[in-house]
Amino acid sequence: MEKQSRHMFSKVFVNLILIIFSLSCIFPLVWMFYSSLKEKRVFNADIVGLPANPTISNYTKVLTNPDYHIYQSMFNSLRTTFISILLIVTCGFIVGYIISRIKFKLNRVIYVMFLMGMLIPIHSLLVPVYIVFKNFGLTDKWYTLIIPYVAFGLPIAIFLVEGFVKGIPVALEEAAAIDGSSFSRTLFSIILPVTKPILTTIAIIQTFACWNEFSFALVLISNTKFQTVPLAMTQFTGQFASDYPKIMAAMLLTMSPILVLYFVFSKQIIKGMVAGAVKG
């Protein structure tokens with residue numbers, strides 16, 4: 001009896017800890033939402049309290065004020081993120097497979113060179129990247145940020161794909177070769193579906209990385225026409241004061257595409273994460 005009571009107590013204690021942790025993760029979003037429905041003076045008077053008279057004026061100001069460029073920045077982020085993820089996943093899959101399966105003289109050298117991209121701090125390369133882009137006239141273009149995003153996203157993609165492909169039986173490709181399948185057909189019709197879990201994991205990781213990236217966007221983009229969401233958020237802070245309810249409204253609006261993406265593909269995201277962790 002005493003053993004059962006201890007077991008019950010431990011379960012309740014663990015569940016209580018998990019509930020508290022979950023609430024600590026959810027509360028900031030809830031607080032941001034109801035704070036965005038307050039006026040500035042009401043928010044300054046009571047930061048935590050619920051709004052007595054909720055208003056959507058902050059959302060209206062954010063969406064209608066042309067100085068914030070909210071629509072343009074969201075479009076720029078969506079375009080940059082989509083193209084970057086497409087290139088990272090495609091190139092990472094092909095290069096990772098070749099390095100894993102095809103043995104040639106510089107195989108390990110090329111693999112180590114890609115892995116070096118995971119070891120070098122990105123921020124230490126801001127100045128060299130800016131100088132190179134400036135000299136070649138690549139700054140302030142719609143495709144400017146795609147280049148560094150793909151370059152710094154490929155190492156982790158190749159690393160994960162290479163490890164995952166090693167766990168796939170070679171017999172699959174040998175059987176396909178006996179049946180007369182070409183290299184490209186084997187790669188995209190047989191290996192690609194098998195690697196879907198790890199490719200999903202890569203896409204998830206890189207989507208959040210590209211959407212939230214700020215450093216390269218700040219250094220390489222000065223034209224408001226091409227600024228992304230993180231840069232657009234800097235327009236909401238003043239020199240001496242900040243309108244926090246308006247900032248929270250803008251943050252929720254810019255977070256909405258990622259939140260929608262997460263809820264729509266939540267099952268695939270969980271499967272991809274679990275499969276990637278187990279297999280890789």
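Nothing fancy with the numbering, it's 1 onward along the sequence. These numbers were taken from a predicted model, which means no experiment stands behind them.
The distance from the CD1 atom of Ile88 to the CD atom of Gln206 is 4.5 Å, given to the nearest 0.5 Å. Put simply, CE on Met248 and CE on Met251 are 7.5 Å apart, with the number rounded to the nearest 0.5 Å. Here the OG-CG distance, from Ser215 to Leu125, works out to 11.5 Å after rounding to the nearest 0.5 Å. Once rounded to the nearest 0.5 Å, the distance linking CG of Leu29 with CG of Leu259 reads 7.0 Å. Separating the CZ atom in Phe183 from the OG atom in Ser181 is a distance of 10.5 Å, to the nearest 0.5 Å. To the nearest 0.5 angstrom, Phe216 atom CZ is 12.5 Å from Thr144 atom OG1.
In the model, Arg41 has no side-chain atom that pairs as donor or acceptor with a side-chain atom of Asn44 under 3.5 Å. If you check the side chains of Tyr59 and Ser36, you find a donor sitting under 3.5 Å from an acceptor.
A 6.0 Å sphere centred on CE of Met118 holds more than 12 heavy atoms belonging to other residues, nucleotides or ligands. The number of heavy-atom neighbours closer than 6.0 Å to CZ of Phe136, taken from other residues, nucleotides and ligands shown, is 12 or below. Shown here is Phe214, whose CZ atom has more than 12 heavy atoms of other residues, nucleotides or ligands within 6.0 Å. A 6.0 Å sphere centred on CG of Asn135 holds more than 12 heavy atoms belonging to other residues, nucleotides or ligands. Residue Lys103 places its NZ atom among more than 12 non-hydrogen atoms of other residues, nucleotides or ligands, all under 6.0 Å distant. By the neighbour-count criterion of 12 heavy atoms within 6.0 Å, atom CZ of Arg185 is sparsely surrounded, having that number or fewer from other residues, nucleotides or ligands. Around CD1 of Ile56, the count of heavy atoms belonging to other residues, nucleotides or ligands within 6.0 Å does not exceed 12. Around OH of Tyr244, the count of heavy atoms belonging to other residues, nucleotides or ligands within 6.0 Å does not exceed 12.
Ring planes of Phe159 and Tyr111: parallel class, angle under 30° (limits at 30 and 60°).
Here the side chain of Thr81 pairs no donor or acceptor atom with the backbone of Leu78 at under 3.5 angstrom. Of the possible donor and acceptor atoms, one in the side chain of Tyr34 sits under 3.5 Å from a partner among the backbone N and O of Val48. Although no hydrogens or angles enter the test, the distance criterion places no donor-acceptor pair under 3.5 Å between the side chain of Thr80 and the main chain of Ile146. Judged purely by atom type and a 3.5 angstrom limit, Thr234 has no side-chain atom pairing as donor or acceptor with the backbone of Pro230. When atom types are taken as modelled, the side chain of Asn76 and the backbone of Thr228 share no donor-acceptor pair closer than 3.5 angstrom. A donor-acceptor distance shorter than 3.5 angstrom exists from the side chain of Trp31 to the backbone of Ile47, with no hydrogens or angles considered.
Between Lys141 and Ile221, the closest side-chain pair of non-hydrogen atoms is not below 4.5 Å. Leu192 places a side-chain heavy atom less than 4.5 Å from the side chain of Leu199. Residues Ile83 and Trp142 meet the side-chain proximity criterion, which asks for heavy atoms closer than 4.5 Å.
Following chains of ILVMFWY side-chain contacts shorter than 4.5 Å, one can reach Met32 starting from Val30, so the two form part of one hydrophobic cluster. Cluster annotation: Leu160 is not connected to Met116 through the hydrophobic network of ILVMFWY side chains, with a link wherever side-chain heavy atoms come within less than 4.5 Å. The hydrophobic cluster containing Phe152 also contains Val132, counting ILVMFWY residues as joined when their side-chain heavy atoms lie under 4.5 angstrom apart, directly or transitively. If you chain together hydrophobic residues whose side chains sit under 4.5 Å apart, Leu126 and Leu119 never meet in one group. Hydrophobic cluster membership differs between Phe75 and Tyr68, with clusters built from Ile, Leu, Val, Met, Phe, Trp and Tyr side chains linked at under 4.5 angstrom.
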Exercise for the section: Show your reasoning for whether side chain to side chain contact (heavy atoms under 4.5 Å, CB included) applies to Thr139 and Ser222. Expected result: CA-CA 8 Å; Thr139 57; Ser222 58; over 6 Å; no
Exercise for the section: Output, in order, the C-alpha distance, side-chain angles, deciding distance and verdict of side chain to side chain contact (heavy atoms under 4.5 Å, CB included) for Tyr97 and Thr195. Expected result: CA-CA 10 Å; Tyr97 173 81; Thr195 57; over 6 Å; no
Practice task
Apply the test salt bridge (charged side-chain N to carboxylate O under 4.0 Å, His left out) to residues Glu39 and Lys61: give CA-CA distance (whole Å), side-chain angles for both, the deciding distance (0.1 Å), then the verdict.
Solution key: CA-CA 12 Å; Glu39 295 180 354; Lys61 292 175 184 176; over 6 Å; no
Practice task
Check step by step if side chain to side chain contact (heavy atoms under 4.5 Å, CB included) holds for Val95 and Phe114.
Solution key: CA-CA 10 Å; Val95 175; Phe114 276 114; 3.9 Å; yes
Practice task
Go through the steps for Ser73 and Met233 under the test side chain to side chain contact (heavy atoms under 4.5 Å, CB included), then give the verdict.
Solution key: CA-CA 9 Å; Ser73 63; Met233 294 304 301; over 6 Å; no
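In terms of heavy atoms, Phe226 sits closest to Asp140 at CE1-O, 3.4 Å. Pro51 and Leu37 get closest at one heavy-atom pair: CB-O, 4.2 Å. Of all non-hydrogen atoms in Tyr71 and Leu63, the two that sit nearest each other are CE1-O, 3.3 Å. Nearest approach of Ser77 to Val229, heavy atoms of both residues: OG-N, 2.9 Å. Among all heavy-atom pairs drawn from Val161 and Phe93, the shortest one is CG1-O, 3.8 Å. Across every non-hydrogen atom of Ile98 and Phe104, the tightest pair is CG2-CE2, 4.1 Å.
With sequence neighbours left out, the salt bridge (charged side-chain N to carboxylate O under 4.0 Å, His left out) criterion links Arg101 to Glu173.
The only member of Val62, Asn65, Thr64 that meets side-chain contact (heavy atoms from CB on, under 4.5 Å) when paired with Ile70 is Val62.
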